[in-house]
Amino acid sequence: MSVLPIGTVMKLTDLTARQIRYYEQQDLIKPVRNEGNRRMYSLNDVDRLLEIKDYLDDGLNISGIKEVYKKQEQLEDERKKNLQKGLTDSDVRKILQDEFMNIGGLKPPSSTFDNPNNFHKFNE
DNA sequence: CTTCTCACA
DNA sequence: TGTGAGAA
């Protein structure tokens, strides 16, 4: 995946080598090293660097950007946990929607409980 | 020639 | 974050 040397990344992102290495120190990107200790970047690294530049323009500082990715990972972890429980994203959305309807005292769609498949989702 | 690390009149 | 030194 990682095949771009820092020189190429500099041109692609319009960032200085100093900045690119600094963002790595802040754990915002994780390039791999080749046999000559040279940093090799992936296109995902380039995308992230571009993102970082945007966040910086929006007035966000390094620690602020760190927290953005931190919460992003947290949401990603929960998505995986639900997946392990056999729930897809659309399942979760449907459950949440049905719960809101019930709270509002509205009659849930007949299809929701008619399907025995959905039944034990509410009993686990 | 390119990149790396380290240090700072 | 810039920049220059010395090595790889």
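Here the structure is a predicted model, which means the values were calculated and not measured. Convention: sequence-line order gives letters A, B, ...; per-chain numbering from 1.
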Colleague: Can you list every salt bridge (charged side-chain N to carboxylate O under 4.0 Å, His left out) pair that touches residues 70-84 of chain A, not counting sequence neighbours?
Modeller: E76(A)-R79(A)

Colleague: Cut-off 3.5 Å, no hydrogens considered: what does the side-chain donor-acceptor table look like for residues 4-16 of chain A, sequence neighbours left out?
Modeller:
from, atom 1, to, atom 2, distance (Å)
T13(A), OG1, V9(A), O, 2.7
T13(A), OG1, L15(A), N, 3.3
T16(A), OG1, Q19(A), N, 3.1
T16(A), OG1, Q19(A), OE1, 3.4

Colleague: Less than 4.0 angstrom from a charged side-chain N to a carboxylate O is my criterion; do R39(A) and E24(A) meet it?
Modeller: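 Yes, R39(A) and E24(A) are salt-bridged.
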
Colleague: What stems involve DNA chain B, if each pair must be Watson-Crick or G-U and both of its distances must be under 3.5 Å, with 3 or more such pairs in a row?
Modeller: B:2-8 with C:2-8

Colleague: Generate the contact string for nucleotides 2-9 of chain B. Rules: B means base contact, S means sugar-phosphate contact only, - means no protein heavy atom under 4.0 Å.
Modeller: BBSB----

Colleague: Does a side chain donor of either N37(A) or R33(A) reach within less than 3.5 Å of an acceptor in the other side chain?
Modeller: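 Yes, side-chain donor-acceptor contact under 3.5 Å.
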
Colleague: Find out whether K30(A) and Y41(A) are in side-chain contact, i.e. whether some heavy atom of one side chain is under 4.5 Å from a heavy atom of the other.
Modeller: no

Colleague: Assess R48(A) against Y23(A): is NZ or CZ under 6.0 Å from the centre of the six-membered ring, and within 45 degrees of the ring's axis?
Modeller: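 Here R48(A) fails the 6.0 Å and 45° test against Y23(A).
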
Colleague: Taking only side-chain nitrogens and oxygens of T16(A), does any of them come within less than 4.0 Å of OP1 or OP2 of dT1(C)?
Modeller: no

Colleague: Would you list the atom pairs, donor with acceptor, under 3.5 Å between side chains in residues 56-68 of chain A and any protein atom, with sequence neighbours excluded?
Modeller:
from, atom 1, to, atom 2, distance (Å)
N61(A), OD1, S63(A), N, 3.2
N61(A), OD1, S63(A), OG, 2.8
N61(A), OD1, G64(A), N, 2.7

Colleague: Using a strict heavy-atom distance below 4.0 Å, which residues from residues 45-62 of chain A are in contact with DNA chain B?
Modeller: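 DNA chain B contact set from residues 45-62 of chain A: none.
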
Colleague: Is it true that Q74(A) and Y69(A) share a donor-acceptor pair across their side chains at a distance under 3.5 Å?
Modeller: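 No - no donor-acceptor pair under 3.5 Å links their side chains.
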
Colleague: When you measure from the side chain of D47(A) to the backbone of N44(A), do you find a donor-acceptor pair of N or O atoms at a distance under 3.5 Å?
Modeller: no

Colleague: For D45(A) and P31(A), which heavy atoms make the closest approach, and how far apart are they?
Modeller: OD2-CA, 4.0 Å

